[in-house]
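Comments concern the structure below.
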There are 2 protein chains.
Amino acid sequence: MSDRGTGQTPVSGETLLFLTDDQLRRGIEAMFFAYRGFTADPDRILQEYSYGRAHHRAVHFIKRSPGTTVNNLLNILGVTKQSLNRVLRALIEDGLVESRVGKQDRRERHLYLTEAGQELEKELSEAQRGRMRAAYRDAGPEAVAGFRQVLEQIMDPEMRRHFQTFKEGS
Amino acid sequence: MSDRGTGQTPVSGETLLFLTDDQLRRGIEAMFFAYRGFTADPDRILQEYSYGRAHHRAVHFIKRSPGTTVNNLLNILGVTKQSLNRVLRALIEDGLVESRVGKQDRRERHLYLTEAGQELEKELSEAQRGRMRAAYRDAGPEAVAGFRQVLEQIMDPEMRRHFQTFKEGS
DNA sequence: CACTTTATGTCAGCCTTGTTGACTTTCCAA
DNA sequence: TTGGAAAGTCAACAAGGCTGACATAAAGTG
């Protein structure tokens with residue numbers, strides 16, 4: 001151990017070794033490689049339907065919060081309305097998503113998955129969950145708790161808010 | 001299948017509750033939101049230089065393995081040579097990366113960061129490490145161990161090979 | 001009622017970063 | 001000497017980000 005990297009200085013306690021630049025770099029690379037795996041299975045399925053990750057994200061969060069408004073989705077996904085609209089238009093035209101005018105506020109559009117949309121969502125999420133389930137099982141419950149804990153800390157506060165909102169809500 | 005279709009059904013042992021569809025969904029969303037945070041700081045810096053994430057990735061792995069070949073980088077990054085070439089060309093033209101003809105095999109190009117390249121890399125990685133360090137510190141060493149363990153399981157076997165190669169190498 | 005704000009949609013155009021395909025040059029190795 | 005691997009280039013294209021401008025309808029406000 002000793003040095004490693006450039007910015008190493010002796011640390012006070014041995015317990016802080018996990019904060020060295022080298023450990024952090026490994027964490028960064030783990031995130032990079034893991035994210036590729038994380039998206040690989042849905043990506044393959046999406047290709048068959050000529051959709052992309054953007055469609056997957058929209059479908060996922062509509063499934064998660066049926067009746068969500070366009071604006072809400074915009075905030076969660078962190079893209080422009082033009083970008084999201086392109087994706088939603090395709091999903092609506094293809095009959096996967098239904099857009100209903102709001103009852104209280106008729107300016108709003110509430111988004112729902114159709115039967116076909118539910119099916120695609122199921123196919124995508126089952127593929128993605130399959131990999132996650134295997135990873136969780138191999139790593140064990142304590143590792144999973146740590147995994148979730150660190151991920152939550154990595155988020156921007158605003159994203160964390162979205163994440164935690166989902167946690168409680170339903 | 002029994003459970004984990006749509007909702008929750010009793011599982012065999014209480015320890016398996018972390019494998020429910022809902023827990024998996026939370027993990028999936030955590031990955032999504034965390035990855036956004038993970039890339040946010042470097043993205044901001046890159047914008048100032050009119051570079052993108054692709055440039056960051058190239059710079060990161062050249063820093064990690066100085067003298068690596070284009071082909072090696074291609075395998076790690078998982079993109080086409082045309083795509084990587086565009087990025088490398090820009091970095092070379094801007095004087096951040098140096099491409100040296102191989103001595104044994106003169107077809108190969110070995111890639112190195114120049115002084116300027118080192119500087120950009122440092123700026124980017126310090127920003128990214130800063131967030132990771134804070135997350136690690138808040139979560140603690142045991143959580144970090146779990147985090148890394150799960151991420152490694154999520155990777156494709158080939159990516160895991162790359163990741164582990166880096167782990168040992170140097 | 002008039003005015004403003006909000007939610008949404010849409011058009012046009014731009015950028016990055018990925019793709020495929022075709023082709024060339026270099027040069028190692030059988 | 002010839003085949004093929006490594007690298008680079010050119011062209012064309014697509015997804016999915018972005019900005020800016022503008023339209024519409026509905027809600028809110030004075």
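By convention in this document, chain letters (A, B, ...) are assigned in the order of the sequence lines, proteins followed by strands, and residues within each chain are numbered from 1.
For A:Arg36, the side-chain hydrogen bond (donor to acceptor under 3.5 Å, both in side chains) criterion is met by no residue, not counting sequence neighbours. Partners of B:Arg137 by side-chain hydrogen bond (donor to acceptor under 3.5 Å, both in side chains), not counting sequence neighbours: none found. Residues passing the side-chain hydrogen bond (donor to acceptor under 3.5 Å, both in side chains) test with B:Asp94, sequence neighbours excluded: B:Tyr51. By the side-chain hydrogen bond (donor to acceptor under 3.5 Å, both in side chains) test, A:Asn75 pairs with no residue at all, sequence neighbours left out. In this structure A:Ile45 satisfies the side chain to side chain contact (heavy atoms under 4.5 Å, CB included) test together with A:Tyr49, A:Glu123, A:Leu124, A:Ala127, sequence neighbours excluded.
Taking each heavy atom of B:Thr114 and B:Gly95 in turn, the nearest pair found is OG1-O, 2.5 Å. What you find for B:Val59 and B:Leu113 is that their closest heavy atoms are O-CD1, 4.1 Å. Minimum heavy-atom separation, A:Ala90 to A:His55: CB-NE2, 4.2 Å. Nearest heavy atoms, A:Ile154 versus B:Ala135: CG1-CB, 3.7 Å.
Contacts between residues 65-76 of chain A and DNA chain D, defined by a heavy-atom separation below 4.0 Å, involve no residue at all. Scanning residues 31-38 of chain A for heavy-atom distances under 4.0 Å to DNA chain C yields an empty list. Taking a 4.0 Å limit (strictly below) on heavy-atom distances, residues 43-62 of chain A reaches DNA chain D at A:Gly52, A:Arg53, A:Ala54, A:His55, A:Arg57. For DNA chain D, the residues of residues 93-104 of chain A within the heavy-atom distance limit of 4.0 Å (strictly under) are A:Gln104, sorted by number.
Using a 4.0 Å cut-off between charged nitrogen and carboxylate oxygen, B:Asp21 and B:Arg25 do not count as a salt-bridge pair.
A:Arg86 comes within contact range of at least one nucleobase, with a heavy-atom separation under 4.0 Å.
Both A:Asn85 and A:Arg107 lie near DNA chain C, and the one whose nearest nucleotide falls closer to the 5' end is A:Arg107. Take the nearest nucleotide of DNA chain D for A:Arg109 and for B:Ile92: the residue whose nucleotide is more 5' is B:Ile92. Place A:Val87 and A:Asp105 on DNA chain D by their nearest nucleotides, and A:Val87 ends up nearer the 5' end.
In 5' to 3' order, the nucleotides of DNA chain D bounding all contacts with chain B (an atom under 4.0 Å from a heavy atom) are D:dG4 to D:dC10.
A 4.5 Å side-chain heavy-atom check between B:Leu77 and A:Phe32 finds at least one atom pair inside the cut-off. In this structure, B:Gln128 and B:Asp41 have side chains that are not in contact, with every pair of non-hydrogen atoms separated by 4.5 Å or more. B:Leu151 places none of its side-chain heavy atoms less than 4.5 Å from the side chain of A:Phe33. Between B:Thr80 and B:Arg86, the closest side-chain pair of non-hydrogen atoms is not below 4.5 Å.
We find the CG-CD distance between A:Asp138 and B:Gln149 to be 9.5 Å, quoted to the nearest 0.5 Å. Atom NE2 of A:His110 sits about 10.5 Å away from atom CG of A:Asn72, to the nearest 0.5 Å. To the nearest 0.5 Å, atom CZ of residue B:Phe61 and atom CG of residue B:Leu73 are 8.0 Å apart.
Here C:dT25 presents its C1' atom at 16 Å from CD of B:Glu108, a figure rounded to the nearest Å.
At a cut-off of 3.5 angstrom, counting only N and O atoms as typed in the model, there is no donor on one side facing an acceptor on the other between the side-chain of B:Arg106 and the base of C:dT26.
End-to-end axis angle of the helix from C:dC1-D:dG30 to C:dA30-D:dT1, from C1' rotation axes over five pairs per end: 20° (rounded to 10 degrees).
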Test B:His162 against A:Glu29 for side chain to side chain donor-acceptor pair (under 3.5 Å), laying out the working first.
CA-CA 10 Å; B:His162 283 306; A:Glu29 289 180 3; over 6 Å; no
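A:Glu158 CD: 12 or fewer foreign heavy atoms inside a 6.0 Å radius.
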Protein and nucleotides 20-23 of chain C: nitrogen or oxygen contacts under 3.5 angstrom:
{"from": "C:dG21", "atom 1": "O6", "to": "B:Gln82", "atom 2": "NE2", "distance (Å)": "3.0"}

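B:Arg109 places no side-chain N or O within donor-acceptor distance of the main-chain N or O of B:Ser99, the cut-off being under 3.5 Å.
With ring centers used as reference points, A:Phe147 lies 6.0 Å or more from B:Phe18.
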